[in-house]
Number of protein chains: 2
Amino acid sequence: MTVSITDVARAAGVSASTVSRALRGRPGVSDEVRAQIAAVAAQLGYTASRSASSLASGRTFTIGVVVPYVGRWFFGTVLDAAEKVFSAAGYDVLLYNLGSPETRKRFFTKLPVRKRVDAVLSLLIPDEEESAALRSLGVPLATTVGGARPGFTVVGIDDRAGTESAVRHLVNLGHRRIGMISGSSGPLHWTTPVERRQAYLDVLADAGIEHDPALEADGDYTVEGGERAMTELLAASRPPTAVFAQSDEMAMGALRALRRHRLRVPDDVSVVGFDDHELADVVGLTTVAQPVAGQGAEAARLLLRQLDEPDADAGQPGQVQMPIRLVLRETTAPPSPRGPQ
Amino acid sequence: MTVSITDVARAAGVSASTVSRALRGRPGVSDEVRAQIAAVAAQLGYTASRSASSLASGRTFTIGVVVPYVGRWFFGTVLDAAEKVFSAAGYDVLLYNLGSPETRKRFFTKLPVRKRVDAVLSLLIPDEEESAALRSLGVPLATTVGGARPGFTVVGIDDRAGTESAVRHLVNLGHRRIGMISGSSGPLHWTTPVERRQAYLDVLADAGIEHDPALEADGDYTVEGGERAMTELLAASRPPTAVFAQSDEMAMGALRALRRHRLRVPDDVSVVGFDDHELADVVGLTTVAQPVAGQGAEAARLLLRQLDEPDADAGQPGQVQMPIRLVLRETTAPPSPRGPQ
DNA sequence: AATATGAACGCAAACGCTTGCGCAACAACG
DNA sequence: CGTTGTTGCGCAAGCGTTTGCGTTCATATT
């Protein structure tokens with residue numbers, strides 16, 4: 001049926017061990033024999049069974065990537081970049097899409113990656129229990145986005161600095177009533193929303209602006225959520241003249257809500273987002289740009305490096321912080337003298 | 001080190017075979033023994049090695065999913081939906097991101113999925129050679145988007161009908177100079193751009209409008225491409241008063257180009273897209289909606305069904321067509337009496 | 001009471017690789 | 001010319017499961 005290593009060995013007149021060594025570039029086989037085996041293998045269309053080889057060697061040449069929502073631009077982009085790095089290095093990627101709490105729970109209790117992967121890249125921040133489960137796999141671990149966890153390589157950005165640049169921009173334009181659409185809900189135990197909120201509060205305090213809880217709303221990191229949140233903010237007794245959304249998707253939802261309310265951006269309300277979504281430019285959204293694909297690629301590279309030099313795994317894995325920058329577009333301007341409405 | 005089936009067997013005082021049967025719900029083991037084994041296994045944190053079990057059984061419980069660009073909304077969304085179906089059925093997904101021609105070629109020549117997957121879902125349309133390679137795997141195959149291939153289950157939409165509804169909408173509004181931004185370039189050997197172009201031509205002919213080749217431009221299915229294409233169209237001696245873009249991303253690029261040219265939408269130029277991208281609503285884009293996630297889920301379900309009833313694989317696999325509908329928003333209107341500029 | 005029946009379980013042989021070890025054959029050395 | 005290395009290769013023992021078959025034992029059958 002399907003051609004095995006012994007078929008190749010027989011056809012080449014050598015033993016299976018020699019075929020194995022020859023095909024994987026291991027020493028102990030002469031150049032001529034190696035070439036001949038390669039030829040025979042190619043002609044027979046032989047590919048080693050991954051199951052068998054990983055069973056025998058313990059190496060799987062597979063990386064597990066766990067992500068909350070592949071469909072979202074941010075995660076899709078990170079995954080795209082990471083996958084490219086992995087596949088270029090000869091690794092396959094096993095994808096786990098953990099959107100709902102149930103699938104997430106099931107993943108961490110059953111741990112289907114056990115004995116199936118050489119490393120795991122998590123695009124979501126595992127809580128204590130979950131990260132312990134991952135550590136129990138005994139393979140290199142990495143995360144992008146958000147908080148550090150012991151045993152994890154983490155690549156991320158300076159959330160506070162990014163938020164500060166955004167909010168400060170609004171302050172500098174003269175805004176005093178600055179709302180925030182956060183993304184704190186949901187089952188994601190990560191520090192990002194917390195950091196960003198703190199930075200938001202800091203900038204306000206620094207500018208001598210009193211914080212108004214009515215100017216904060218939860219947008220759940222989605223367009224719809226952002227729309228809801230913006231609608232909520234507009235219902236406040238004194239609505240904001242500017243809003244900082246913790247993600248571009250929520251900012252876009254906010255834009256939609258504003259349009260529905262016949263409010264003009266940036267004349268009536270300024271909006272700044274976070275991420276520099278691929279479509280942020282299309283809608284002219286001012287935002288904090290972060291290297292999304294860059295983070296995925298970097299995390300993947302760091303993971304591969306750990307795989308190459310297992311000796312270095314004694315020390316605490318590295319943390320790298322990638323640059324951010326405020327991108328000014330058309331959704332921010334000084335407040336109108338008469339305010340919204 | 002890591003706990004194996006024999007560890008469980010020893011701890012439970014039974015043989016490895018019994019453990020295997022017990023844990024997989026196979027008959028031949030009493031309820032009490034089964035329960036006890038389950039308890040012991042749970043307590044020991046045992047998970048069967050996938051490599052070993054797939055080597056022994058031939059089943060991998062893994063589905064290969066190949067996609068051109070995970071980062072793009074369309075593919076990300078399809079993948080998201082498909083993954084959910086697969087994982088709910090106990091299958092893992094192995095992801096292959098084949099953006100560049102080189103990685104694509106490498107994938108189809110080396111076929112890393114050989115002996116690694118029970119089925120493959122292709123989100124790109126393989127050419128003759130590629131589909132032959134996939135068929136050689138001897139597993140159920142499916143594709144979404146575009147042309148039928150022998151041996152593949154395909155779920156898609158009626159591209160012609162969708163395009164017709166879009167272009168006809170423009171015609172009905174009174175437009176005569178209707179441009180098209182297509183997505184025909186790139187290494188994707190699929191019928192979609194061809195079908196859509198034909199439908200576009202048909203509607204024009206049907207309306208008695210002479211086709212002007214200067215009103216067609218290639219947008220490469222990206223935002224930037226759409227922007228370039230729109231700029232190109234605007235440079236025509238007699239620019240269009242309306243454009244149909246073969247994808248929302250290109251339509252959004254077109255919107256950006258129009259804004260850069262200080263043209264108003266829909267006053268000066270109408271735009272209609274295709275897909276109903278999650279952000280189409282944000283920019284108010286009129287578009288042809290197709291069930292993107294729905295197609296992914298459906299394709300996944302059909303694949304699983306083939307896996308369940310291998311007897312049915314004799315007949316030609318099914319083809320399903322999912323519904324589309326035109327969504328009217330704010331980027332289309334009758335042409336201005338004086339035309340653009 | 002003797003036998004047939006079936007359920008519950010163990011044995012052992014795969015599954016297709018990898019890898020430590022042993023054994024030739026040959027080269028280089030004294 | 002005998003010794004020591006080196007190189008190239010084969011042997012065989014795993015790796016952790018699954019599964020066909022055989023065995024045991026309790027229960028049903030005549």
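Lettering of chains follows the sequences in order, A, B, ..., and the numbering in each one begins at 1.
Atom-to-atom, CG of A:Asp7 to C1' of C:dC17 comes out at 13 Å; the value is rounded to the nearest Å. Atom CZ of A:Arg116 and atom P of D:dT17 are 14 Å apart (whole Å). For the pair A:Ile5 CD1 and D:dG14 P, the interatomic distance rounds to 19 Å; values are reported in whole Å.
Applying the side chain to side chain donor-acceptor pair (under 3.5 Å) test to A:Thr6 and every residue at least two apart in sequence or in another chain returns A:Ser4. Considering only residues two or more places apart in sequence or on other chains, B:Thr153 meets the side-chain contact (heavy atoms from CB on, under 4.5 Å) condition with B:Ala142, B:Leu302, B:Gln306, B:Pro317. Qualifying side chain to side chain donor-acceptor pair (under 3.5 Å) partners for A:Ser15, counting only residues two or more places apart in sequence or in other chains: A:Ser17, A:Thr18. B:Phe108 meets the ring-ring contact (aromatic ring centres under 6.0 Å, His included) test with no other residue; sequence neighbours excluded.
Applying a 4.0 Å cut-off to non-hydrogen atoms, the residues of residues 47-64 of chain A that approach DNA chain D are A:Leu55, A:Ala56, listed by residue number. Annotation: proximity of residues 15-45 of chain A to DNA chain D (heavy atom, distance under 4.0 Å) is found for A:Ser15, A:Ser17, A:Thr18, A:Arg21, A:Gly28, A:Val29, A:Ser30, A:Val33, numbered in ascending order.
Close to D:dT17, at under 4.0 Å from its OP1 or OP2, lies a side-chain N or O of A:Lys115.
A side-chain hydrogen bond (donor to acceptor under 3.5 Å, both in side chains) with B:Ser51 is found for exactly one of A:Ser57, A:Ser51, A:Ser54, namely A:Ser54.
In this structure, A:Arg59 satisfies the cation-pi test against A:Phe61, with its NZ or CZ atom closer than 6.0 Å to the six-membered ring centre and inside 45 degrees of the ring normal.
B:Leu307 places a side-chain heavy atom less than 4.5 Å from the side chain of B:Ile63. Inter-residue side-chain proximity for A:Leu303 and A:Tyr91 is flagged as unmet; no heavy-atom pair is nearer than 4.5 Å.
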